[in-house]
Colleague: 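Okay, here's the structure, questions in a sec.
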Amino acid sequence: MADIAIIDYGMGNVHSVYKAFNKVINKDSEIKITRSLDDLLDCSHIVFPGQGAASECMSNINKNLDIVEFKKIISQKPFLGICMGLQVLMTHSDENKGSNCLGVLDGEVHSLKSKINTGLKVPHMGWNKIKQAKDHPLWKNIPDESFFYFVHSYYVSPSNKSNILATTTYDLDFVSALYKDNIAAVQFHPEKSSNMGLQLLENFINWNGEIQ
Amino acid sequence: MSLYKRIIPCLDVANGRVVKGTNFVNIVDAGDPVEVAKRYDQEGADEIAFLDITATHEDRKTIIETVEKVANEVFIPLTVGGGVSNYSDVLNLLNAGADKVAINSAAVSSPDLINQVTDKIGRQCIVAAIDVKSTSKDTWTVFTHGGRNSTGIDAFEWSKELCDRGAGEILLTSMDRDGTKKGFDLDLLSLISREVTIPVIASGGAGSLEHLKDAVLLGKADAVLAASIFHYSIHSIKEAKEYMKKHGVLVRI
């Protein structure tokens, strides 16, 4: 049984994420869309979805949550960041003239446009393969090089390469999934990635936050 | 390496049902949107597009309910269009479970709507739909209101402006080809695809698998939208993808 808290800071596609979890949970589980730290304390699994710009996302988090408490809580139970929910975990993002982020994971967020061949379109929008960098409970029953759905213009560059869980190629090889202890975060949208995406969400709710 | 090309089946929806017809006449019921969308998802469709063909005020509630039902069961991106005229229409559709909203006539009458929406919720959720007709060689003009009104606006300039205003994608429909099954207007597609920095979805004219392949290889489209070749079960999505792969198009299989 899992009680899932989906963090809503006013700019994520929380409804899509809710619907997808609702499809894979068992009947005893509960899903809450919330911005309350009490709910985050009470739940068994935390999901942090997001879209939009990093600076706006950070200012919304600042407005709605006590960051010190928030960081403490998310170090204690299985946590899944999705898209912007991955990027804001980093130290700093270049988006919108630069913005400091949560600093849960060391590293930077850079613009795809600055790094890729000009013939390619940004946002990187559509289906792409992910190459699994190491074993992780999140990848259970998901073959290597499976397709997931992406929509983003920025990518994360972690300082510690051993935290990389998967990479994806769009001219450059960028990091499409990261982890550290109980935290896992993905650049793509599992809630929009058909059967493999639902499998990943199911794997997340079956994960106890430990790495074997 | 470029991105995998997307195949997007488009469902015309009226009164909560998928319908099919020829030039909006002889419309027949073609099923429950949830079932049709699920089938396309399992066949490997990359996204689903819904077009609210009644798009009247009274039917707004129906399309919202339909989007909700589909979004509860189908987990690939869902684009909804038809009659979207203001910010609250966009929000209502997104809240119902649409991932992207197509804006057409309203973008012409109030172009600031595009900036307004994309500033607030990001460019990924706005598809700027453009309906165009050829007016002379290598020139296309934008039409609105289901193709009834000519705006006099040049399609090439308008595409660039929509991109600058923050649209995430362009859904480019050739009215000359729409419903003809003669293939996409490749000159139009390649002109605009090469110029704008956002993805271009080819629409209007798909009648065979070859047309889909040509839209990508010759028209430089990033995605192809088709209705009748999939609805009438002439081809499955899977067949379309296998054909495209065989001809060197990068597709998700």
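Reckoned from all heavy atoms, side chains included, excluding hydrogens, waters and symmetry mates. Naming convention: chains lettered A, B, ... in sequence-line order (proteins, then strands); numbering from 1 in each chain. Everything numeric in this text was worked out from a predicted model, so none of it was measured.
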Colleague: Kindly compute the distance separating CD (B/Glu47) from OG (A/Ser194), expressed to the nearest 0.5 Å.
Modeller: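 Rounded to the nearest 0.5 Å, the CD-OG separation comes out at 12.5 Å.
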Colleague: Taking 4.5 Å as the heavy-atom cut-off, does anything in residues 37-45 of chain B contact chain A, and if so which residues?
Modeller: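 Under the 4.5 Å heavy-atom cut-off, B/Asp41, B/Gln42 qualify.
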Colleague: Taking the side chain as everything from C-beta on, heavy atoms only, tell me whether A/Lys192 gets closer than 4.5 Å to B/Pro77.
Modeller: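 Of all side-chain heavy-atom pairs linking B/Pro77 with A/Lys192, at least one is under 4.5 Å.
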Colleague: Walk me through whether B/Glu73 and A/Lys23 qualify under salt bridge (charged side-chain N to carboxylate O under 4.0 Å, His left out).
Modeller: CA-CA 8 Å; B/Glu73 294 293 332; A/Lys23 184 78 185 171; 2.8 Å; yes
Colleague: From B/Arg252 CZ over to A/Phe148 CZ, what is the distance, rounded to the nearest 0.5 angstrom?
Modeller: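 Answer rounded to 0.5 Å: 10.5 Å.
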Colleague: Could you tell me which portion of A/Ser193 (side chain, backbone, both or neither) has an atom closer than 4.5 angstrom to a non-hydrogen atom of chain B?
Modeller: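 Looking at A/Ser193, just its backbone touches chain B.
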Colleague: Between B/Ile253 and chain A, with a heavy-atom cut-off of 4.5 Å, which part of the residue counts as in contact: side chain, backbone, both or neither?
Modeller: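 The backbone, not the side chain.
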Colleague: Report, in residue-number order, which members of residues 195-204 of chain A are under 4.5 Å from chain B by heavy-atom distance.
Modeller: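 The stretch touches chain B at A/Asn195, A/Leu198.
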Colleague: Once you round to the nearest 0.5 Å, how far does CE of A/Met125 lie from NZ of B/Lys100?
Modeller: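 Spacing of CE (A/Met125) from NZ (B/Lys100) equals 4.5 Å.
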Colleague: Spell out, as yes or no, whether a donor-acceptor pair under 3.5 Å connects the side chain of A/Trp127 to the backbone of B/Tyr4.
Modeller: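 Not a single qualifying donor-acceptor pair exists.
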Colleague: How about CG on A/Asn160, more than 12 heavy atoms from neighbouring residues, nucleotides or ligands closer than 6.0 Å, or not?
Modeller: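 Yes, CG of A/Asn160 has more than 12 neighbouring heavy atoms, counting only those of other groups under 6.0 Å.
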Colleague: Give, as side chain, backbone, both or neither, the part of B/Asn95 having an atom under 4.5 angstrom from any heavy atom of chain A.
Modeller: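 Both parts, backbone and side chain.
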Colleague: Go through B/Leu94, B/Asp99, B/Val74 and name the one with the most non-hydrogen pairs under 4.5 angstrom from chain A.
Modeller: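 Ranked by contacts with chain A, first place is B/Asp99.
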Colleague: Taking atom NZ of A/Lys134 as the centre, report whether more than 12 heavy atoms of other residues, nucleotides or ligands fall under 6.0 Å from it.
Modeller: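 Enclosed.
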Colleague: Side chain to side chain contact (heavy atoms under 4.5 Å, CB included) for B/Leu3 and A/Lys121? Distances and angles first, verdict last.
Modeller: CA-CA 9 Å; B/Leu3 198 55; A/Lys121 293 183 178 179; over 6 Å; no
Colleague: In residues 190-201 of chain B, which residues are in contact with chain A at a heavy-atom separation under 4.5 Å?
Modeller: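 The list, in residue order, reads B/Ser193, B/Val196, B/Thr197, B/Ile198, B/Pro199, B/Val200.
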Colleague: Around atom NZ of A/Lys77, are there more than 12 heavy atoms from other residues, nucleotides or ligands closer than 6.0 Å?
Modeller: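 Buried by this count: over 12 neighbours within 6.0 Å.
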Colleague: Please classify the contact of B/Ala223 with chain A as side chain, backbone, both or neither, using a heavy-atom distance under 4.5 Å.
Modeller: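 Contact with chain A: none, neither part.
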Colleague: Please step through side chain to side chain contact (heavy atoms under 4.5 Å, CB included) for the pair B/Asn72 and A/Lys19, ending with a clear verdict.
Modeller: CA-CA 6 Å; B/Asn72 285 337; A/Lys19 284 169 199 256; 3.1 Å; yes
Colleague: A quick test of your reading: do over 12 heavy atoms of other residues, nucleotides or ligands sit less than 6.0 Å from NZ of B/Lys69?
Modeller: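 Open: at most 12 neighbouring heavy atoms sit under 6.0 Å from NZ of B/Lys69.
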Colleague: Please enumerate all residues that pass salt bridge (Lys or Arg N to Asp or Glu O under 4.0 Å) together with B/Arg165, with sequence neighbours excluded.
Modeller: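 For B/Arg165 the salt bridge (Lys or Arg N to Asp or Glu O under 4.0 Å) partners, ignoring immediate neighbours, are B/Asp112, B/Glu161.
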Colleague: Surrounding NZ of A/Lys115 (heavy atoms of other residues, nucleotides or ligands, distance under 6.0 Å), is the total greater than 12?
Modeller: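 Atom NZ in A/Lys115 is crowded, with more than 12 foreign heavy atoms closer than 6.0 Å.
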Colleague: Is atom NZ of A/Lys161 surrounded by more than 12 heavy atoms (other residues, nucleotides or ligands) closer than 6.0 Å?
Modeller: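 Result for NZ/A/Lys161: enclosed.
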